[in-house]
Amino acid sequence: MLSRRSFQRLLAQSALSLPLGRVLGAAGQRPNLIIILADDLGYGDLGCYGHPTIRTPHLDRMAAEGVRFTQFYAAAAVCSPSRAALLAGRLPIRTGVNQVLSPWSTGGIQKQEITIAEALRPTGYATACIGKWHLGHLPQYLPTRHGFDRYFGIPYSNDMSRATAGNPQFIKQLNQHPEVPGTPLMRDEKVVETEPDQRRLTARYTEEAIRFLRDSVRSGKPFFLYLPHTFPHVPLFASERFRGKSARGLYGDVVEELDWSVGEIRRTLAELGVEKNTLVTFTSDNGPWLIKKQEGGSAGLLREGKGSTWEGGMREPFIACWPGRIPPGVVTQSFGTTMDLFPTCLKLAGVEMPRDREFDGVDLSPVLLENKPGREAFLFYYLGANLRAVRHGPWKLHLASNSPATGDGVTRYDRPPLYNLLEDPSEKYDLSDSHPDVVRDLLQLIEEHKRTLKPGPPQV
Ligand code: MG
């Protein structure tokens with residue numbers, strides 16, 4: 001066991017050698033941090049968010065023992081950009097990861113980006129990424145090159161091989177790339193299986209995560225676990241124990257198994273005696289894939305889903321729990337985004353924010369720990385490299401929109417529609433005629449953003 005003094009000295013040394021940020025004081029124990037990310041889970045898919053037939057007792061309990069957000073956003077409406085933004089704390093456009101990466105992509109998360117893991121590891125954190133990465137599958141982009149001690153999982157979506165792709169257009173593209181292998185399951189930087197049995201994936205990710213928790217506690221290091229699940233992205237698979245059990249059908253089975261996984265993680269934390277020193281968060285990377293019909297989820301009362309900048313594409317469940325630190329049973333209307341997780345994790349770990357770049361996230365700890373109202377809502381909604389909408393306070397203005405669920409392509413508005421999201425979360429009633437001043441202000445915000453934006457190199 002280190003004495004407190006030598007622990008502080010160690011921290012100070014690591015801070016000196018730290019190129020990214022400084023450890024701000026070493027008082028008290030540094031918290032463990034867990035981010036659990038579902039894939040394509042909608043705002044309306046959990047029991048505690050109103051789903052009538054999907055049972056999520058573990059997430060419901062986590063919300064009851066912690067805080068649940070009703071105005072929390074992913075930073076994009078599709079996988080790769082959303083994940084880049086979460087890990088780097090910046091809008092996808094700044095990272096250059098604007099679009100979904102394919103198994104033949106040569107791009108990925110750039111070396112100059114700093115992930116949460118990269119910021120925490122030099123200050124003494126053990127770090128692991130378990131699950132779907134989707135920020136580039138070539139060696140230079142893998143989690144192990146971006147701050148994670150360990151990686152286990154499928155590096156992109158589970159529908160991106162000849163055996164699993166359901167989309168004829170995607171299969172056509174795949175056929176132009178004969179070099180693309182079957183779905184790889186990787187450990188660190190090695191492919192350990194091809195086309196793994198997807199029915200076992202959620203359970204295997206959970207086992208790996210639990211092993212990492214045990215190893216970290218044994219080592220005495222604080223830990224950061226990033227657990228981006230493969231599901232409920234299609235094709236859907238649940239283990240035998242869950243298959244056929246949910247009234248919602250296979251989609252419900254899959255979500256109920258993810259809920260079980262959350263329960264196992266929290267049970268392990270309690271068993272290891274670190275529950276009171278661990279922040280656990282749960283959210284999703286983008287809204288439900290509505291064109292998949294019964295195999296896609298629900299955005300609840302929100303309009304549209306995955307691939308759209310209407311609210312259903314980006315507003316997500318967000319639940320955070322930390323017994324003894326986060327007051328129980330809070331349902332907050334405070335605004336938050338996945339980009340806030342970077343500054344929040346660094347703040348809680350006592351690590352100084354890098355000062356050489358622009359961040360779009362804000363530290364959420366006052367909302368989490370003290371139930372404070374937090375900042376005013378403010379978000380730019382991008383689809384690809386195109387700015388589609390902006391939210392400021394209650395107001396959201398659309399420059400353009402698309403509706404994949406109804407097959408409607410892109411509409412660019414000459415007269416941008418304006419919605420009040422507090423009064424009209426379903427975006428039904430255009431108020432632009434009665435609020436020209438708000439429209440003008442929001443257009444000005446957009447102009448200013450465009451003028452000062454430095455986009456990252458586009459990744460394809
Ligand atoms: Mg996704």
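Counting convention: from 1, in listed order, for ligands and their atoms alike. Just so we're clear, the structure is a prediction, and the values are computed from it rather than from any experiment.
Within Asp285, the N/O/S atom positioned nearest the Mg ion (ligand 1) carries the name OD2. Checked against the Mg ion (ligand 1), the N, O or S atom of Asp39 at the shortest distance is OD1. The nearest N/O/S atom of Asp40 to the Mg ion (ligand 1) is OD1.
Residues passing the ring pair (Phe, Tyr, Trp, His ring centres under 6.0 Å) test with Phe170 are Trp104, sequence neighbours excluded. Applying the side-chain contact (heavy atoms from CB on, under 4.5 Å) test to His137 and every residue at least two apart in sequence or in another chain returns Pro155, Tyr156.
Within the 2.8 Å limit, Asn286 places at least one N, O or S atom next to the Mg ion (ligand 1). Note on His233: not counted as a metal contact of the Mg ion (ligand 1), no N/O/S atom lying under 2.8 Å.
The cationic atom of Lys396 (NZ for Lys, CZ for Arg) lies less than 6.0 Å from the six-membered ring centre of Tyr381 and within 45° of the ring axis. Both the sub-6.0 Å distance and the 45° axial angle are satisfied by Arg68 relative to the ring of Tyr49.
Checked against the 6.0 Å centroid criterion, the rings of His449 and Phe380 qualify as a close aromatic pair.
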